[in-house]
Amino acid sequence: MLDDEYSLDYFKENGFVRKTCPKCKTNFWTRDADTEFCGDPPCVSYSFIGAPVFKKEYDISSMREAYLSFFEKHGHTRVDRYPVIARWRDDIYLTIASIADFQPFVTSGLVPPPANPLTISQPCIRLDDLDAVGRSGRHLTTFEMMAHHCFNSRGNEIYWKDRTVELCDTLLADLGCDLNAVTYKENPWAGGGNAGPSVEVMVGGLELATLVFMDLKQVKGGSIEIKGETYEKMDNYIVDTGYGLERFVWASKGSPTIYDAVFPKIVNELMDLAGIEHSIDNPEYARMFSQNARFAGVMDISGQANLLQLRKKVADTIGTTVEKLQKLMVPVETVYAITDHSRCLAFMLGDGIIPSNVKAGYLARLVLRRTLRLMKELDIREPLIEIIEMQIKNFPEYPEFRERLDTIREIVALEEEKYADTIERGTKLVKKTALHFKDKKEKMPLGELIQLYDTHGIPPEITKEVAKEAGVEVELPDTFYSLVAKKHSKAQDEETEGLSLDLPLTRRLYYEDSEQTEFTAKVLEVIENRIILDRTLFYPEGGGQPADHGTLSMEDYVANVADVQNMNGVIVHETDSDIGFKKGDTVKGRIDWERRLAHMRHHTATHIVNESAKSVLGKHIWQTGAQKSTDRARLDLTHYKRITDDEFKEIELLANRAVMKNQPVHIDWMDRIEAEKKYGFVLYQGGVPPGREIRILRVGSDVEACGGTHVSNTGLIGPIKLIKTERIQDGVERIEFSAGEAAVKRVQERDELLNKASDALRVSPEHLPDTVNRFFDEWKELKKENERLKAELAEVRVKAMMGDAVEINGLKVLSTKLPHADVEELIKAATEFSKNDEVVAILASESGGVKIVVAAGARAQKMGVNAGVMVRELSKLVGGGGGGKPGIAQGGGTDIAKIDKMQARGVNWLKAKYQPRDFHSQQDIIEFVRNSEDYNPSKEKFNQAEVLNIFNTSLQKTWLVSTNERMYCILDDTAEAKPQLRWSIPKRDLIDGNKVSIEIKTREYKEKTGYVDIGPKHHGWLYSKRLFDKFAIEDSIKNMITKTML
RNA sequence: GGGCCUGUAGAUCAGGGGUAGAUCGUUGCGUUCGCAACGCAAAGGCCGCGGGUUCGAAUCCCGCCGGGUCCA
């Protein structure tokens, strides 16, 4: 920034000299040529403590009045303060500076200021340095920024830098300040897309004011560079000053801390409540806090390490130890913080913020919970609301807070309760978590601490304390909260695609006559399928109201309009085709009236429902969102508890009364500032419209800035039917409703549901609740009875069936099919069976597919029966799966035809394992082949048959048998009653001429067994290697074939 | 606006694909002149709702409803 920006005539004419601070190298202006430093900590330290800089002491209200009347006297108009919740802005939640009141439209020049020049004392809230509040002696979350603003434009300058500095100088002189002690430190300012030269006004080491000369706006590739961004001069340039009210009061008193200066009464009352002796008039005691404030003024005290450094410095200067100092100071600092926070809450709640877990409401909750935590530290049992009330009563200048007191009381009580619940839940959870780590003999890891805070809201301090009690160490780093912040990835702003259009604003016919359905217009531009007209009746999407649909036509060509958007006043019609129109054409437009009318009804109804909700629920109700469509609308409202059924009905009734009154809907275009003055910020329920003129819609007592289309009289809305409420966030309730024909349809739908329900039960709708209750009760009873009966049935069945048990080596095996039983019955019966130690029950049913339950008694399990394994195997046989525990298991499948086979298999499996039958002899096998289907007695000679055993285990043998005509493969499985013929191969596939032609190969499988592939079809047959020591298996088979067939 | 956690008996919570559990509370019985305490027993569950996957879902997946919490 150019140096001459600061070379003001005022400085030159009044004997100022410009100097450079040897410490920080910044330039500053002073009347006293001997002044060495810039006057700003850390270059200098506080000198005003104990040495007030004004000629008399002021309190908050006398200081404010002195300031405002000074500027009134000097040609400024006094303007009322704005709320601390920035309702007129959508980029910030809280009012952080007086200039925020006039952003964005006044500062951009679009809207004239309420007065020019003006003066204001604007309460502001900044939560950036929460940790330092109380500790530094000077930080506050809430402060009043006294200011005078002057909005200049090229050719119309009210005043600029010289006059601004002169006013400041004069004010300080009026207050009795020694002007030689004042320095103006050069410090260019930038923020929020604007920038400009600025001076900080320093007295006694304290920054009392900042004078900003905002005359630059951020422009890509601009010619002036500040802090890495480029800027250009603006056509309108603004004097933006900020005088800290609390700091002025502090400076006038020279108290050790700002808190003692600004809220002596509340500080003292809280000290009493906390049982702290706070004799700030005692010089020694005061010295401690004075020193603390002085050191804190020149250093960064964020984080434990820095804080400890501060403590050490203070302890050294007053000759004590850090421990003793902490013991004395911490409780007092906590009281300071509570004083500040409760004031902050008074403003937040007083201005109508509803605590919540989103947006501004979250910030209110954050402060509220922090305050409760601090109170607990001091063991202050007084309800928080008492302290907040104390604050509110202390502000005679804000009567509006007292009006809201009842609501505030309720909110705070609810919040206190909620927090207590959270802490209680949290404490339990921490104990449990702590014990978990105690068992493992580990420290509780940081990740756990973060998890507890992030997902359950348990402050790490509490976690640490509770864990300590449970005997578990916890590591809590200074940087804890920033670690949490890191966990949350930042959402990227999406680039909105914008058409840059250099076209005149579209004439909005829908505002001129809301009954019209047809119009003619000239085509100004066609971009692919998007058409821009000189005028239109099509309402573009906005304010929660969807775009109109309809047609644009010319001669015999018709295009459907599918979407309509407003691009900075140019309305763009998106059609379903990109041919047909060109620049200069005259087209005829027609809107889908049914759709539009439904939107209009829902839109006007939204205003009415909002108003009704306000009168039923209270003044704190604020719309946070709304959406309309043809068949329904929804409205989101701030409210601190659930809407009850009675309230719901009452809102519906009031809304319909408003309809029946057939009130006219008034629409006026008004100057923004005038409208704000007349109606207040309640105007901005549906968001903040841009522009100097805003469209004001009045229905009954509801007044809102609204750009939507509306019916002309409430009677035209027709019925309003509230459908439901939903809590979309803590502190935000959503009401869904339908209006007009849609409402009738909704009622009809509900009637139909009711009718269907009562028809089904064959009762009239009025008996439905009783009948349903009766049915439900009966159903419960029957269910219980059913269960009891099943148990009884199981018992009976078991007694009846025990006799059928098959004895296998001491086991009693039952295999029964209960075709119609469900799984539960099977389980009950099986459980009943398995009470007998030696029983294994295999139960099956075919209701809804195959169900299998196997249970094994205690002794059976000891012998190695595993129900889970059995079920898993058996289920496969019926095309399903299953499993369970060794004692009891369930399974099932889809193949009902295989139930019997599956059950037999189960029994055989047990037999094989516990009572294996002997293998069949070689003779038996031959006999078996002879009786098989493939055997041809007329041709085959079985007395010449050869037999080869290829596989042999304790449960299974595989045989190959060869006659003069065929080779057979037989599997003898001891789990099966009989051997099985698996396949056979005729001679023609084995022999070609006088040679064995079939291919026989082996593959490796395991140590003792291998695979043999016989011919093209029979692959992967197991063979035991030990059976083929002498000759390889290939040779053995070939030999056998040769021997019998050649 | 985004993220994470969560919903099981009246309460507090375990369990986490295979017969729904504990503690407290409730009721009954025993002991007692009575209460408390103790002992024994019982009642009490659409495992939030609806889909899906599976032979089988309280359990896994998706959606909805409800509760909690952190961040912007």
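Per chain, numbering begins at 1; letters A, B, ... match sequence-line order. None of the values given here were measured: they were computed from a predicted structure.
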Inset, instruction - Take nucleotides 50-66 of chain B nucleotide by nucleotide from the 5' end and write B, S or -, depending on whether a protein heavy atom sits under 4.0 Å from the base, only from the sugar-phosphate, or from neither. - result: -----B---------SS
Inset, instruction - Give the intermediate values and the outcome of salt bridge (Lys or Arg N to Asp or Glu O under 4.0 Å) for residues A:Lys799 and A:Glu832. - result: CA-CA 9 Å; A:Lys799 273 186 191 145; A:Glu832 197 61 37; over 6 Å; no
Legend entry - Derivation and outcome, salt bridge (Lys or Arg N to Asp or Glu O under 4.0 Å), residues A:Glu752 and A:Lys756: CA-CA 6 Å; A:Glu752 203 180 320; A:Lys756 272 188 189 162; 3.7 Å; yes
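Between the P atoms of B:rA57 and B:rU53, the separation comes to 11 Å (whole Å). B:rG17 and B:rC60: their C1' atoms are spaced 8 Å apart (whole Å). Rounded to the nearest Å, the gap between the C1' atom of B:rU26 and that of B:rG67 is 27 Å. B:rU31 and B:rG68 have their P atoms separated by 49 Å, with the value rounded to a whole Å. Across the C1' atoms, B:rC46 and B:rG7 are found 14 Å apart, a figure rounded to whole Å. When the P atom is compared between B:rU59 and B:rA42, the two are found 29 Å apart, to the nearest whole Å. Comparing the C1' positions of B:rG56 and B:rU6 gives an interatomic distance of 26 Å, to the nearest angstrom. Nucleotides B:rU54 and B:rG44 have their C1' atoms positioned 32 Å apart, rounded to a whole Å.
Remark: B:rA58 base-pairs with no nucleotide in the shown strands. Criterion, Watson-Crick or G-U wobble with two distances under 3.5 Å. The pairing partner recorded for B:rC47 is none, the criterion being a Watson-Crick or G-U wobble arrangement whose two distances lie under 3.5 angstrom. Pairing for B:rG28 is with B:rC40, a Watson-Crick or G-U wobble pair whose two hydrogen-bonding atom distances lie under 3.5 Å. With both pairing distances under 3.5 Å, B:rA20 is matched to nothing as a Watson-Crick or G-U wobble pair.
Between A:Arg365 and B:rC70, a side-chain N or O to OP1/OP2 separation shorter than 4.0 Å is absent. Contact annotation: A:Thr422 side-chain N/O to B:rU69 OP1/OP2 distance is under 4.0 Å. Listed pair A:Lys780 / B:rG45 meets the phosphate criterion, a side-chain N or O lying under 4.0 Å from OP1 or OP2.
To the nearest angstrom, P of B:rA42 lies 15 Å from CZ of A:Arg788. Rounded to whole Å, atom C1' of B:rA43 lies 16 Å from atom CD of A:Glu785. Between the CG atom of A:Asn866 and the P atom of B:rG18 there is a distance of 15 Å, rounded to whole Å. Atom pair A:Lys784:NZ and B:rA43:P shows a separation of 9 Å (rounding to whole Å applied). As rounded to whole Å, 17 Å separates atom C1' of B:rG3 from atom CG of A:Leu452. In this structure, A:Gln451 places its CD atom 11 Å from C1' of B:rU69, rounding to the nearest Å. Atom pair A:Asn357:CG and B:rG68:P shows a separation of 8 Å (rounding to whole Å applied). Atom CG of A:Leu429 and atom C1' of B:rG68 are 11 Å apart (whole Å).
Closest to the side chain of A:Ile888, out of B:rC4, B:rU69, B:rU19, is B:rU19. Among B:rC4, B:rC13, B:rU69, the nucleotide with an atom closest to any side-chain atom of A:Lys428 is B:rC13. Here the side chain of A:Lys885 is nearest to one of B:rU19, B:rG45, B:rC4, namely B:rU19. Minimum atom distance to the side chain of A:Val358 is reached by B:rG1, of the listed B:rG68, B:rG1, B:rG45. Here the nucleotide nearest the side chain of A:Ile827, chosen from B:rC5, B:rG1, B:rU19, is B:rU19. Residue A:Tyr93 has its side chain nearest to B:rA72 when only B:rA72, B:rC70, B:rG44 are considered.
At a threshold of 4.5 Å between non-hydrogen side-chain atoms, the residues A:Ile735 and A:Arg634 do not count as touching.
Electrostatic pairing of A:Glu778 and A:Arg774 counts as a salt bridge here, judged by a charged N lying under 4.0 Å from a carboxylate O. A salt bridge links A:Asp131 to A:Arg370: one of the charged nitrogens lies within less than 4.0 Å of a carboxylate oxygen.
Residue-level contact check: A:Lys418 touches the backbone only, with heavy atoms under 4.0 Å from sugar-phosphate atoms and none from bases. In this structure, A:Phe776 reaches the bases: a heavy-atom distance under 4.0 Å links it to at least one base atom across the strands shown. Across all strands shown, A:Gly457 has heavy atoms under 4.0 Å from sugar-phosphate atoms exclusively, and none from any base.
In this structure, NE2 in A:His620 is found 11.5 Å from CG in A:Leu349, a value given to the nearest 0.5 Å.
Side-chain atoms of A:Asp454 and base atoms of B:rU69 include no donor and acceptor less than 3.5 Å apart.
Residues A:Ala830 and A:Ile888 share a closest heavy-atom pair of CB-CD1, 4.4 Å. The nearest pair of heavy atoms linking A:Tyr640 to A:Ile411 is CD2-CG1, 3.4 Å.
When the options A:Ile85, A:Thr638, A:Val732 are evaluated for a side-chain contact (heavy atoms from CB on, under 4.5 Å) with A:Trp622, the one that passes is A:Thr638.
A residue-by-residue look at A:Arg734 and A:Leu363 shows that A:Arg734 has its nearest nucleotide of RNA chain B further toward the 5' end.
Between A:Trp88 and A:Tyr684, the distance from one ring center to the other does not fall under 6.0 angstrom.
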